[in-house]
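What follows is a short report on a single structure.
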Amino acid sequence: MNTVKLTIFFDGGCPLCKREVYFLQSRNQKESLRFIDINSSDFSLDLENGITYRQAMERIHALKSDGSVIKDIKVFQEAYDLIGLGWIYAPTRFPVLDKFFESIYKLWAKYRLKITFRPSIEKLCSDRGCDIY
């Protein structure tokens, strides 16, 4: 029986992203979360629900068991709910605060590669041989 309720596409080249994934994996006793490293050399994200490598590198994406795709803070809200720690992300759902947290996440996503001393999205896409647009 497949218990996976959320498949998270993460950047395995990002040390902070990997740290978050390790934490989620350590709490994933019900095996409701699945993790896919978009930087795996044998993985072609373009085949997964039309999400391109560039899109996945620009912001976090996840696939719910019903086939719908979620992004940004919603991924963390859903993941933490599934591991029984939804209260941690509860404030991100409150009116007004939700906009604040979304803005913070967008800022992080925009500068994540620079903050973690990684090449630009253009360079990563070029190295991977994918469409940069």
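This one's a predicted model, so the numbers in the text were calculated from it and none came from an experiment.
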- Message: Looking at Gln55 and Thr52, would you say the former's side chain and the latter's main chain have a donor-acceptor pair under 3.5 Å?
- Response: yes

- Could you grab the distance from atom CZ of Arg128 to atom SG of Cys125, nearest 0.5 Å is fine? 8.5 Å

- Message: Same cluster or not: Leu63 versus Ile60, using hydrophobic residues (I, L, V, M, F, W, Y) connected whenever any side-chain heavy atoms lie under 4.5 Å apart?
- Response: no

- Using the salt bridge (charged side-chain N to carboxylate O under 4.0 Å, His left out) rule, take Lys18 and Asp11 through it: C-alpha gap first, then chi angles, then the decisive distance, then the call. CA-CA 7 Å; Lys18 286 195 307 191; Asp11 176 7; over 6 Å; no

- State the CD1-CD distance between Ile83 and Gln25, to the nearest 0.5 angstrom. 11.0 Å

- Task: Would you give the length of the straight line joining atom CD1 of Ile104 to atom NZ of Lys99, rounded to the nearest 0.5 angstrom?
- Result: 14.5 Å

- Item | Pro119 backbone acceptor or donor facing Glu122 side chain under 3.5 Å | no

- Would you say Thr3's side chain and Lys30's backbone share a donor-acceptor pair under 3.5 angstrom? yes

- Linking I/L/V/M/F/W/Y whenever their side-chain heavy atoms sit closer than 4.5 Å, directly or via other members, would Leu124 and Trp108 fall into one cluster? no

- Message: Donor-acceptor pair, distance only, cut-off 3.5 Å: does the side chain of Asn28 make one with the backbone of Ser26?
- Response: no

- Message: Please check if the number of heavy atoms outside Arg93 that lie under 6.0 Å from its CZ is greater than 12.
- Response: yes

- Answer whether the closest heavy-atom distance between the side chains of Ser120 and Lys114 falls below 4.5 Å. no

- Would a 4.5 Å heavy-atom cut-off, applied to side chains only, mark Leu33 and Thr7 as touching? no

- Message: Between Lys74 and Glu78 (salt bridge meaning N to carboxylate O under 4.0 Å), is one present in this structure?
- Response: no

- 4.5 Å side-chain heavy-atom contact, Glu31 and Val4: no

- Message: Could you walk me through whether Tyr111 and Leu107 satisfy the side-chain contact (heavy atoms from CB on, under 4.5 Å) test, starting with their C-alpha distance in whole Å, then the side-chain angles of each, then the deciding distance to 0.1 Å, before giving a yes or no?
- Response: CA-CA 6 Å; Tyr111 294 105; Leu107 195 61; 3.7 Å; yes

- Message: Looking at every non-hydrogen atom in both residues, tell me the closest pair between Trp87 and Pro91 and how far apart they are.
- Response: O-CD, 3.6 Å

- Message: If you define the side chain from C-beta out and look only at heavy atoms, does anything of Asn39 sit under 4.5 Å from Phe10?
- Response: no

- Same apolar cluster (I L V M F W Y, side chains within < 4.5 Å links), Phe117/Leu16: no

- Message: Between Ile8 and Ile36, is there a side-chain heavy-atom distance shorter than 4.5 Å?
- Response: no

- Which heavy atom of His61 sits nearest a heavy atom of Val75, and at what distance? C-CG2, 4.0 Å

- Task: Identify the two heavy atoms, one from Leu82 and one from Lys5, that lie closest to each other, and give their separation to 0.1 Å.
- Result: CD2-CD, 3.6 Å

- Task: Say whether Phe9 and Met57 are linked into one hydrophobic cluster, either directly or through other cluster members, by side-chain heavy-atom distances under 4.5 angstrom.
- Result: yes

- Message: According to ring-ring contact (aromatic ring centres under 6.0 Å, His included), who are the partners of Tyr89, at least two apart in sequence or on a separate chain?
- Response: Phe76, Tyr80

- Are Leu6 and Tyr105 in one and the same hydrophobic cluster, where Ile, Leu, Val, Met, Phe, Trp and Tyr link if side-chain heavy atoms are under 4.5 Å apart? yes

- Item | Donor-acceptor contact below 3.5 Å, side chain Thr116 vs main chain Arg112 | yes

- How about Gln77 and Thr92: do any of their side-chain heavy atoms sit closer than 4.5 Å? yes

- Query: Hey, does Leu85 have a side-chain heavy atom less than 4.5 Å from the side chain of Phe23?
  - Reply: yes

